[in-house]
Colleague: 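Please find one structure pasted underneath; my questions will follow.
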Amino acid sequence: MYEKMKGLLANTVPDFELRLKADLAARINQLKREKNAVILGHNYMEPALFHSIPDYIGDSLELSRKAAQTDKEIIVFCGVKFMAETAKILSPQKKVLLPSEKAGCSLAASISAADVRELKQKFPGVPVVTYINTYADVKAESDICCTSSNAVAVVESLDSESVIFIPDEYLARNVARETGRHIIFPTFDPTKVGDTELDYQMIGWPGRCEVHEKFTVEDISNVRKQFPDVVILAHPECSPEVVEAADFSGSTTAMIRYVERTKAPRYLLLTECAMGDNVAAANPEKEMLRLCSVRCPHMNQITLEDTLASLERDQYVIEIDEEIRKHALRSVERMLTIG
Ligand code: SF4
């Protein structure tokens, strides 16, 4: 395990730490086999974990699909709670474990099921498209889910002049721009609902990812000044201005593919910093710049130590009320038919 990790991460992780982590990873992989478990690793996991223990790596959509297909008894989700919940929604008979109880998400926490019910009351009959970065009870109130890779396709698949798109404000604005829709945010000023903006086609919600909202157009111009040949990729949870100023925008998987297929020597990924390390390890001939002052405190809760403890003690088990799960499943499955 140490040799394998050294081959990939010698330039990213100090050697003494690599040895420690290789030992932990070997113990996790042994226990994983003994307990008939599968480990799913999100693209934002720290490099030593990302390149050692997951059976599958990817973004939330890809990992949701893997969760639905696995024949293992236990799913350990190295990601955040809403992702582990999605795995449980799709595989109710499996035991789904999240290695840290603290791995939440500012975006998922920005909206509740009661908020969605209120929106539906204000805009009766308007279908609700819910980003996968939400908790199960919010998905259960929705008509269909989406991810950053299929959000435009999901909105376009609905035979509806207007849609409620929750909870990410910037993703909603980016989708509105791409689909040519006029978006309103009634929740910014609830007293004005329906009065002044009657020609809306999308209704948004002011939730934001605390990582992606921090990138600015100024960051981009500063980096371009110093590295004129840099190719800049922005996640669609960044503001529309940042997405516009970048060279490419797409989900984490789309960004990885873009780097793999493009010949430029130098890149900057405007997303969680660990992903830059993971892409750099997989593409050693390409240089990755990182803006690592911006980290996701939730993703960073997941460590090799906690993952080992998770398998040893079967913690923390994801439970979802069966009625909520069934309703949420309908929204997730409807999304999966779209792609
Ligand atoms: S990166 Fe943003 S959306 Fe993803 S878990 Fe962290 S806070 Fe949530």
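Ligands are counted one by one from 1 in listed order, and the atoms in each one are counted from 1 as well.
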Colleague: Could you give the side-chain donor-acceptor pairs of residues 154-162 under 3.5 Å, partners two or more places apart or in another chain?
Modeller:
unit_1, atom_1, unit_2, atom_2, d
Ser157, OG, Val154, O, 2.6
Ser160, OG, Ser162, N, 3.4
Ser160, OG, Ser162, O, 2.6

Colleague: What atoms in ligand 1 come closer than 4.0 Å to a heavy atom of Glu237?
Modeller: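 Going through ligand 1 atom by atom, the ones under 4.0 Å from Glu237 are 3 (S).
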Colleague: Students often mix this up, so state it plainly: with edges at 30° and 60°, are the rings of Phe82 and Tyr135 parallel, tilted or perpendicular?
Modeller: perpendicular
Colleague: If you take all heavy atoms of Asn174 and Cys238, which pair is closest and at what distance?
Modeller: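 What the structure gives for the nearest pair is ND2-O, 3.0 Å.
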Colleague: Between Glu62 and Arg257, is there a side-chain N and carboxylate O pair less than 4.0 Å apart?
Modeller: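 Yes, charged N to carboxylate O under 4.0 Å.
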Colleague: Can you list the ligand 1 atoms lying under 4.0 Å from a non-hydrogen atom of Asn133?
Modeller: 3 (S)
Colleague: Test side-chain contact (heavy atoms from CB on, under 4.5 Å) on Ser149 and Asp59; report intermediate values, then the result.
Modeller: CA-CA 9 Å; Ser149 34; Asp59 60 23; 4.2 Å; yes
Colleague: Short of 2.8 Å from atom 6 (Fe) of ligand 1, name each protein N/O/S atom, waters not counted.
Modeller: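 Only Cys296 SG fall inside 2.8 Å of atom 6 (Fe) of ligand 1.
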Colleague: For residues Ser148 and Ser251, is any side-chain donor paired with an opposing acceptor at under 3.5 Å?
Modeller: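 There is no such pair (donor and acceptor under 3.5 Å, judged by atom type) between the side chains of Ser148 and Ser251.
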Colleague: My understanding is that only one of Leu268, Asp229, Asp219, Ile232 makes a side chain to side chain contact (heavy atoms under 4.5 Å, CB included) with Arg224; could you say which?
Modeller: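 It is Ile232, the one option of Leu268, Asp229, Asp219, Ile232 that forms the side chain to side chain contact (heavy atoms under 4.5 Å, CB included) with Arg224.
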